[in-house]
Structure formats: structure tokens, C-alpha cells
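Heads up, the thing below is written out as C-alpha cells.
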Amino acid sequence: MKEYDHKKIEKKWQDIWEKKGIYRAQDKSKKPKFYGLIEFPYPSGAGMHVGHIRSNTAMDIIVRKRRMESFNVLYPIGWDAFGLPTENYAIKTGIAPSKVTKQNTDIFRKQLKAIGFSFDWSREIDTTDPKYYKWTQWIFLQFLKNGLAYKAKMTINWCPKDKIGLANEEVVGGVCERCGMQVEKREKEQWMLAITKYADRLDKDLDEVDYLPQIKLAQRNWIGKSDGTEIDFKIKGHDSVIKVFTTRPDTIFGATYLVLAPEHEMVQKLKSQITNWSEEVEKYVKEVKNKTDIERTNEDKVKTGIELKGIKAINPANKEGIPVWVADYVLPHYGTGAIMAVPADDERDREFAEKFKLPIIKDYKKAGFEDFGKRITKFKLRDWVFSRQRYWGEPIPVVFCDKCGTIPVPEKDLPVELPKVKNYQPTDSGESPLANISKWVNTKCPKCKGKAKRETDTMPNWAGSSWYYLRYVDTKNKKEFADKKNLKYWTPVDWYNGGNEHTTLHLLYSRFWHKFLFDLKLVPTGEPYKKRTSHGMILADDGTKFSKSKGNGVNPEDVVKNYGADSLRLYEMFMGPFDQAVSWNRDGMVGPRRFLERVWKISQKLSKNSSLSVLKLLNKTIKKVGEDIDAMRFNTAISSMMVLVNEMDKEEVGVKDYKKFLQILAPFAPHITEELWNMLGEKKTVHLSLWPKVDESLLEDKEIKIVVQINGKVRTEIMINVDESEEEIKKQVISNDIVLKFTNGGEVKKVIYVKNRLINIVL
RNA sequence: GCCCAGGUGGCGGAAUUGGUAGACGCGAUAGACUCAAAAUCUAUUGAUGGCAACAUCAUGAGAGUUCGAUUCUCUCCCUGGGCACCA
């Protein structure tokens with residue numbers, strides 16, 4: 001072929017690669033393994049997004065390089081297909097979510113294949129496949145067996161639009177994370193997972209993993225570990241105590257009053273002794289209860305509160321009776337829901353004390369505090385609300401029997417499959433649409449064989465994604481979620497890249513599930529991911545998010561058609577630093593495409609040997625590209641290859657050296673490099689060839705240029721020999737014509753020499 | 001309000017972590033090729049002054065440390081993201 005035509009080569013090689021199975025991971029291998037993971041996509045009806053391509057290409061480049069470094073690589077793909085958009089689509093159109101999911105995954109698969117990602121397609125998984133969610137349900141039963149799944153009646157966040165209960169983690173700024181609707185409060189029986197039991201380990205074990213510092217910090221802030229002291233305050237004339245949590249137990253001598261959250265259980269217990277109960281306190285407590293979190297916290301910092309008259313607590317430090325208040329700025333779910341106020345030391349407490357004329361003790365002694373409480377660790381993290389009143393999720397495998405109570409579905413009866421329904425709308429009472437299918441709901445109790453009802457709640461879509469990386473190591477296993485030997489060989493994941501938006505939700509949940517499975521000795525490591533990085537978003541050319549309503553999306557298929565997958569991959573890697581958000585530029589595709597055309601053109605003019613300048617630059621580039629890939633600096637890797645191609649364009653290039661260049665370009669542009677590699681007579685794929693070695697002897701120059709500064713300003717540059725001594729170089733510089741012009745007989749105060757870089761003369 | 005990123009030509013961005021600011025790419029201008037256009041090639045391209053050699057200024061603003069600051073310190077302004085009175 002004389003000219004580069006991506007249409008003739010891309011599909012061709014994709015088919016050959018698939019037929020030969022060159023990207024298949026080998027479960028039995030003596031090679032060292034490398035498990036590279038991307039977050040499996042949600043197959044939305046809109047098809048693949050340019051953002052998917054950016055993150056998938058990055059990991060694709062990394063795993064392709066690892067293969068060329070003789071690693072046995074696992075780079076799998078699947079579908080995180082349960083979720084609201086598909087269900088909402090079903091509500092609108094009446095089309096079954098399973099059918100929509102099938103359509104969407106077919107589109108996604110075709111689109112992903114057209115980009116040339118080196119996924120091992122033989123391991124494709126789908127969270128909505130009963131063969132997969134059988135094991136999601138099975139893991140839930142293990143949680144239940146071990147007391148980590150429990151039912152609780154609790155105030156939940158209720159989205160009136162989605163008609164669904166939301167986990168605290170899914171409420172962003174008081175509104176539903178998905179639809180933006182103001183969240184209400186409702187009482188509801190919910191399945192919960194006790195993630196808080198793992199809070200300490202989830203925090204501590206971050207020390208063992210290689211996550212980006214920001215990611216660790218975000219997880220730590222979310223878990224919110226804080227060490228402090230729990231102190232009992234006795235109540236005068238009452239036998240119970242108010243437990244207070246403080247990080248500053250040394251300030252107890254300055255504590256002049258207590259504040260309880262209005263929801264605090266002691267408020268109800270002390271009711272009969274509170275003299276202003278009916279006229280003030282009761283009303284205030286009710287008001288707070290009706291407030292959403294956002295109203296409660298958005299009061300322009302004007303604090304409200306009511307004193308519980310008739311109640312006095314005793315400060316254990318000085319035995320003085322102090323007043324007790326309720327105020328909504330104290331939250332029931334953090335600490336003990338009660339604080340001791342030290343207005344002399346704490347800004348909020350002072351503000352509150354000044355407003356309500358409470359005593360402030362300025363000088364108090366700070367010694368001897370340790371006797372008054374016990375050391376304790378508190379976390380912000382709350383248990384995970386695991387129930388959804390929706391159709392399109394894994395049914396929670398539990399039945400309710402009047403005689404026997406809540407009974408888990410026996411493991412042999414898994415999976416509990418989703419039945420077909422006619423109407424996907426949640427019921428008016430907010431129950432799952434499953435509640436309407438009496439045939440499915442009414443069942444036999446596994447224990448007494450009497451009448452029983454199935455749980456109609458389903459799992460949140462975080463469930464299937466909490467363990468999918470484990471299934472990839474053994475996707476077809478019918479006996480267990482994955483074979484132990486496979487787990488031992490492949491896990492942990494060596495490198496996991498994903499979106500920033502998942503650093504507190506998905507990442508934390510999957511670490512929690514993993515630790516639980518580790519405790520049951522079902523997985524061999526305490527952490528699922530050795531290394532975690534994250535990518536920046538791709539924004540529209542105006543710097544805002546892509547959105548359907550604006551119609552500013554970019555269709556990757558059009559780009560592939562016009563420019564080719566290789567150009568698209570290169571552009572997305574070249575457009576900016578990988579961890580930062582970048583704007584899509586319609587004209588940006590041109591540069592990478594031209595680059596590939598020049599790469600092609602050079603193949604038509606190869607000689608026997610390369611010029612020295614090409615040889616030197618090639619070596620430098622091999623080194624830089626290798627380092628840049630490992631550090632995810634794809635943009636500079638590409639620019640250095642562009643510099644090399646510019647040089648090769650002008651100079652003589654030998655076949656052997658050109659092939660080395662093809663090898664380092666191969667992870668970025670797999671199709672064109674394979675075609676050229678093949679055209680040059682290679683029979684085996686470039687993608688399993690050995691990554692070229694750097695010839696260190698070619699990296700160093702004997703003659704180098706150094707910069708000459710006078711008083712810190714660049715005035716000229718000179719060539720020096722690397723073997724020359726500092727003395728000789730200084731002498732040479734001082735007698736330089738241009739330097740003499742500036743020194744002009746003046747006194748040289750100081751000469752600073754930075755080896756092989758610059759020399760600065762201070763006058 | 002607090003925390004984390006970030007602010008560099010017309011645009012996306014680079015800068016060996018204190019050592020030539022603007023690599024690489026896009027765009028633009030001029031020329032070559034062409035009947036013409038596209039593509040390609042060649043040259044120029046931060047600003048100001050100058051015929052030129054060159055000089056001065058310039059990395060959000062202002063100060064500081066230093067022989068030397070895009071890089072370090074302080075104050076302030078702006079953009080994006082996260083958290084929401086956390087005891």
C-alpha cells in the first residue's frame with residue numbers, strides 16, 4: 001500500500017487479533033501477571049462517549065506495554081447494567097429493561113471493538129445476567145449470615161421524583177444525586193450493610209496501597225476518623241447519663257453547658273422533668289424533624305436552640321450543675337449526638353453562648369482531664385442503606401414467613417431471578433414494582449414450607465460493581481464466584497483507573513466487600529486494588545460538561561469513520577494531562593492524523609542504516625516514552641514521538657530502527673503499527689514483540705551546549721566538552737567576546753556553574 | 001466558610017521539580033506546487049522598539065527569599081471539583 005488508509009486496515013487487524021486471541025489472558029502461566037482494570041461501563045442508550053475512550057485507551061496503552069514486557073496480562077471488560085436510566089426508559093416506553101440492556105450492550109461492544117482496545121472479550125460479564133447476579137445474591141447471604149446485613153426502620157432520604165430511597169452517600173447537597181430533586185425524609189424498613197464495622201480498617205489499610213494522594217485523602221475524609229474521649233455527664237435527680245464525645249477533653253473545666261441534638265433519645269426520656277416541654281421544647285423538636293438537612297444547615301449561621309428547663313447536668317470536672325440545651329446544629333448521627341460546649345475555646349460555642357447569654361469561663365485549668373472519660377474513636381461513615389424499591393436490580397434473596405420470620409433463600413435456590421412485569425412504575429406506597437406480582441411474591445417458606453412472601457426490595461447498582469473484578473478471573477464458574485487458584489494468581493488488581501466521582505462511593509464499597517470476603521478466607525488479599533489513579537473529564541469545547549440538552553456531544557463513530565481509531569486514540573491522549581479535565585476541540589484531530597500519515601510516509605523511504613542524529617534521538621525517545629507511559633504522561637510521550645518523526649522525515653532511517661519506533665508507537669496506535677510491521681516482513685504481531693531496549697551509550701553527548709548568564713540574564717551560549725573541568729569552562733567563558741562586552745572591565749563577584757547546564761556570572 | 005486541584009501565546013498545552021519560558025500540536029500569515037481548490041511542502045508566528053545585530057517586557061495581581069523563580073514563602077483575585085455547623 002502506498003498511502004495510509006485507516007479504513008483498509010483497522011477492521012482487518014481487529015478481526016485477525018480476535019481470531020488469534022492474542023489478547024487472551026492465560027489462567028495457567030509461569031509468566032508474571034499484570035491485571036489492569038478500568039471501571040466497566042454502564043451501557044446507556046446514548047452509546048459510547050469520548051470520555052470512555054480516554055480512560056480505556058490509557059489503560060490499553062499501559063497493558064499493551066506490559067504484554068511487550070512479557071507480562072501475562074488480564075484486561076477485561078463487562079457491563080454494569082443495572083440502574084435507573086434503563087428502568088426509567090422502561091417506565092416511559094414499556095420495553096423490558098433486559099431487552100434494552102441487550103440492545104445497548106450490543107452497540108457498546110461494537111463501538112469498543114472499533115477502537116481496537118485489547119480487552120479479553122472471552123471474559124465479558126454482565127451484572128444483570130442471572131449467572132452473574134446469582135453470586136451477588138450469594139455474597140449478600142454471607143453478609144446476612146455474619147450479621148452484617150440487617151433490617152432497620154430508619155429515617156431515609158426519599159426522592160419524590162425517582163420514588164426511591166437514597167443512601168446518605170447518594171445525596172449531594174440535599175438533593176438527589178441522580179435527578180437533582182430536593183430530597184425528603186421518610187420512615188422505612190431498609191436492609192442495611194454494616195460498613196461502619198470496617199471503618200477503622202478501611203482507613204488504616206490505605207497506608208498499604210498505592211493510590212494517588214488526593215484519592216486517599218478523599219477516602220479518609222469520607223470515613224472521617226477522629227480520636228477523642230467519651231465523657232458521661234450525670235443528670236441531677238435522674239439516674240441516666242448524657243454521653244458526650246469530644247476531641248478536646250482537656251477543655252472540660254471550661255464546659256458551661258451541654259447541647260443535644262433534638263433527636264437525642266434523652267430528650268424524650270427526660271420529658272416529664274422538662275418544665276417548658278409543651279410550650280417550647282416539643283414544638284422545636286417537631287420543627288427540626290420536618291426540616292430537610294439542607295434547611296437545617298442553611299440558616300445563615302444564625303443558631304437556634306431551646307433550653308431544657310428543669311434539667312441540669314453535672315460537669316464531672318468541677319461537679320457544677322450546668323444547663324442543657326437542644327439545638328439543630330448538633331447532628332444526631334455524628335458522635336453521640338451531644339456535645340459539651342466550651343465557649344471560651346470554640347468559635348461556634350461562643351457564638352451560641354453570646355446569643356443566649358450563657359456563661360463563658362475564660363481562664364480555667366486544663367489539667368487532670370483524663371479521669372473523666374474513656375478514649376474512643378468516632379467515624380463519620382454511616383451504614384450503607386442497601387434496599388431499593390425498584391425493579392431493575394438484584395432481588396434481595398430473602399423471604400418473610402409469619403411463623404419463622406425473615407428467612408434467607410437457601411443457596412441452592414439461587415439465583416432469585418427477576419420476574420417479568422407489565423408495569424415498571426413503583427407502587428404508590430413506594431414499594432418496588434415487584435410487589436404487584438403476586439405469583440412471584442407468594443412463595444413457600446424454605447424452613448416450614450408454609451406460606452411466605454418474598455422480599456420485594458432490590459439491591460442498589462453499587463452491589464454488582466462491588467466485586468466484578470473478582471469474577472473476571474473466572475467468569476464461567478458455576479460452583480463458586482471464582483476459583484481459588486485463579487484468585488490467587490490474578491488478584492489483587494495491579495492498576496485500577498477510574499473516575500474521580502467514584503473515589504468515595506464505589507471505591508469504598510468495593511474495598512468493604514473485599515475485606516469482608518477476605519475475612520471469610522474467600523479472597524487471598526486484604527485489599528482489592530494495589531494502585532488507583534483517576535482521569536480528568538472531557539468537556540465540550542466551551543469548557544462545560546457534555547449534555548444531551550445542549551446537543552454538544554461528540555459521536556466517536558463519526559470520528560473513527562473520518563480519521564480512524566488510531567488518530568482518535570492519539571488525539572485523546574495528546575489533548576492534555578491525563579488527570580485533568582480537558583476540552584474537546586473539533587480541529588484537534590488533524591494533528592494526530594497528520595502525524596500518522598508522516599509515520600506511513602517514512603516507511604516508503606527506509607534505508608539500510610540510520611543517521612547518527614536519528615539513532616540518538618530514537619534512543620532518547622524509547623526511554624522517554626517508556627517512562628511517560630508508566631507515569632500516565634501520555635501527552636508528552638506523543639509529543640516526543642512527533643519530534644522523532646520530524647527528524648526521521650529529514651534524515652536517513654534504517655529499517656531496524658524504524659521497527660523499534662513502530663514498537664513504541666504500537667500501544668498508542670495499534671492498527672497502523674501492526675500493518676507497517678507486517679509490511680516490513682514480520683510474521684508475528686507487533687503487540688507481543690519485545691519492548692525495545694535503550695542503548696545507554698547513545699544517550700550521552702560528548703559536546704553539549706551550556707547557557708551563559710550575566711547577572712541571571714541569558715546573554716549567550718557556548719559549546720563545551722563534557723570532560724572539561726569547571727576551571728577550564730569558567731576560563732573559557734570569562735574570555736568570551738560577548739561576555740567581555742558585558743563585563744567591560746568590571747569586577748566579577750561570583751561565578752556559578754551548574755554542571756552541563758549553565759554558567760552565571762555575577763558582576 | 002473549610003479542603004483539594006488549577007490560572008503560562010489567538011487556542012490545547014510543555015518546561016528535566018530552583019537553571020535558556022512557550023517543546024509538541026492546532027490556528028494564522030507568506031511562498032512553492034496547481035487552470036483552480038484541497039492536500040502536501042518551505043518559512044514566519046508571545047508583546048513592544050529597531051533596517052538589523054539586538055534590547056526591554058512577559059507565566060492571574062502584589063510583595064519576599066535567591067546569582068537566578070512558571071517552580072519556594074506570604075497576601076489578595078479568579079476558575080473547576082469536593083464537604084456542609086463533625087463536637
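Chain A is the first sequence line, chain B the second, and so forth, proteins listed ahead of strands; every chain is numbered from 1. Keep in mind that what you see is a predicted model, and the values were worked out from it rather than measured.
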Atom CG of Leu331(A) and atom C1' of C83(B): how far apart are they, to the nearest Å?
13 Å
Phe356(A) ring center within less than 6.0 Å of Tyr257(A) ring center
no
Nearest to the side chain of Thr636(A) - A15(B), C85(B), C26(B)?
A15(B)
Kindly say whether Leu206(A) contributes a backbone atom to a donor-acceptor pair with the side chain of Lys216(A) at under 3.5 angstrom?
yes
Can you tell which of G12(B), U20(B), A87(B) lies closest to the side chain of Val714(A)?
U20(B)
Starting at atom CZ of Arg633(A), determine the distance to atom C1' of A15(B), rounded to an integer number of angstrom.
12 Å
Output yes when at least one side-chain N/O atom of Lys380(A) is less than 4.0 Å from OP1 or OP2 of C86(B), else no.
no
Between Arg757(A) and G18(B), does any side-chain N or O lie under 4.0 Å from OP1 or OP2?
no
For the pair made of CD1 in Ile761(A) and C1' in G19(B), what is the distance, rounded to whole Å?
15 Å
Could you please name the partner base of A38(B), counting Watson-Crick and G-U wobble pairs only when both distances are under 3.5 Å?
none
Contact class for Asn221(A) (heavy atom, under 4.0 Å): base, sugar-phosphate, or nothing?
nothing
Gap between atoms CD1 and P, on Ile223(A) and C83(B) respectively (whole Å):
15 Å
Checking all strands, does Pro592(A) fall into the base, sugar-phosphate, or nothing category for heavy-atom contacts under 4.0 angstrom?
nothing
State whether the side chain of Asp227(A) and the backbone N or O of Arg375(A) hold a donor-acceptor pair below 3.5 Å, judged by distance alone.
no
Taking only the side-chain heavy atoms of Val590(A) (C-beta and beyond), determine which of A23(B), C86(B), C26(B) contains the nearest atom.
C26(B)
Arg598(A) CZ to A39(B) P: how many Å, rounded?
15 Å
For a side-chain contact (heavy atoms from CB on, under 4.5 Å) with Gln709(A), tell me which candidate from Val707(A), Asn711(A), Ile706(A) qualifies.
Val707(A)
Between Met642(A) and Met340(A), which has a closest nucleotide on RNA chain B that is more 5'?
Met642(A)
Mind listing the closest non-hydrogen atom pair of Trp384(A) and Ile195(A) along with its distance?
N-CG2, 4.0 Å
Nearest of A14(B), U20(B), A87(B) to any side-chain atom of Val707(A)?
U20(B)
Pair assignment for A23(B), Watson-Crick or G-U wobble, requiring both distances under 3.5 Å:
none
Whole angstrom value for the distance that separates P of C24(B) from CE of Met589(A)
21 Å
Hey, does the side chain of Lys624(A) come within less than 4.0 Å of C24(B)'s phosphate (OP1/OP2), counting only N and O?
no
side-chain contact (heavy atoms from CB on, under 4.5 Å) partner of Tyr571(A), the single match among Val50(A), Val590(A), Asn585(A), Val559(A):
Asn585(A)
Is there a side-chain polar atom (N or O) of Arg594(A) under 4.0 Å from OP1 or OP2 of C24(B)?
no
Between A15(B), C24(B), C26(B), which nucleotide gets closest to the side-chain atoms of Val643(A)?
C24(B)
Roughly, in whole Å, what's the span from CD in Glu647(A) to C1' in A23(B)?
15 Å
Both Gly588(A) and Val762(A) contact RNA chain B. Taking the nearest nucleotide for each, which residue is further toward the 5' end?
Gly588(A)
Side-chain N or O of Asn711(A) versus OP1/OP2 of G68(B): is the shortest distance under 4.0 Å?
no
Any-strand Watson-Crick or G-U partner of C2(B), both distances under 3.5 Å
G82(B)
Ignoring hydrogens and angles, does a donor from either the side chain of Asn760(A) or the base of C67(B) sit under 3.5 Å from an acceptor on the other?
yes
When all nucleic acid strands are considered with a 4.0 Å heavy-atom cut-off, which category describes Val754(A): base, sugar-phosphate, or nothing?
base
Answer for the Watson-Crick or wobble partner of C57(B), both distances under 3.5 Å, is G46(B)
Whole-Å gap separating C1' (A14(B)) and CG (Asp628(A))
11 Å
Is Lys713(A) touching bases, backbone alone, or none of the nucleic acid, heavy atoms closer than 4.0 Å?
sugar-phosphate
Considering only side-chain heavy atoms of Phe574(A), which listed nucleotide, C41(B), G19(B), C24(B), is closest?
C24(B)
Among C4(B), G13(B), C83(B), the one nearest any side-chain atom of Gln214(A) is C4(B)
For Phe595(A), run the side-chain contact (heavy atoms from CB on, under 4.5 Å) check against Asp566(A), Leu665(A), Asn646(A) and tell me which one passes.
Leu665(A)
Heavy atoms under 4.0 Å, any strand shown: does Asn646(A) hit a base, just sugar-phosphate, or nothing?
sugar-phosphate
Using only side-chain N and O atoms of Asn585(A), determine if any of them is under 4.0 Å from OP1 or OP2 of G13(B).
no
Would you indicate what Arg715(A) reaches in the nucleic acid, counting non-hydrogen atoms under 4.0 angstrom: base, sugar-phosphate, or nothing?
sugar-phosphate
More than 12 non-hydrogen atoms from neighbouring residues, nucleotides or ligands closer than 6.0 Å to NZ on Lys225(A), yes or no?
yes
Between G6(B) and Gln580(A), counting only base atoms on the nucleotide and side-chain atoms on the residue, is there a donor-acceptor pair under 3.5 Å?
no
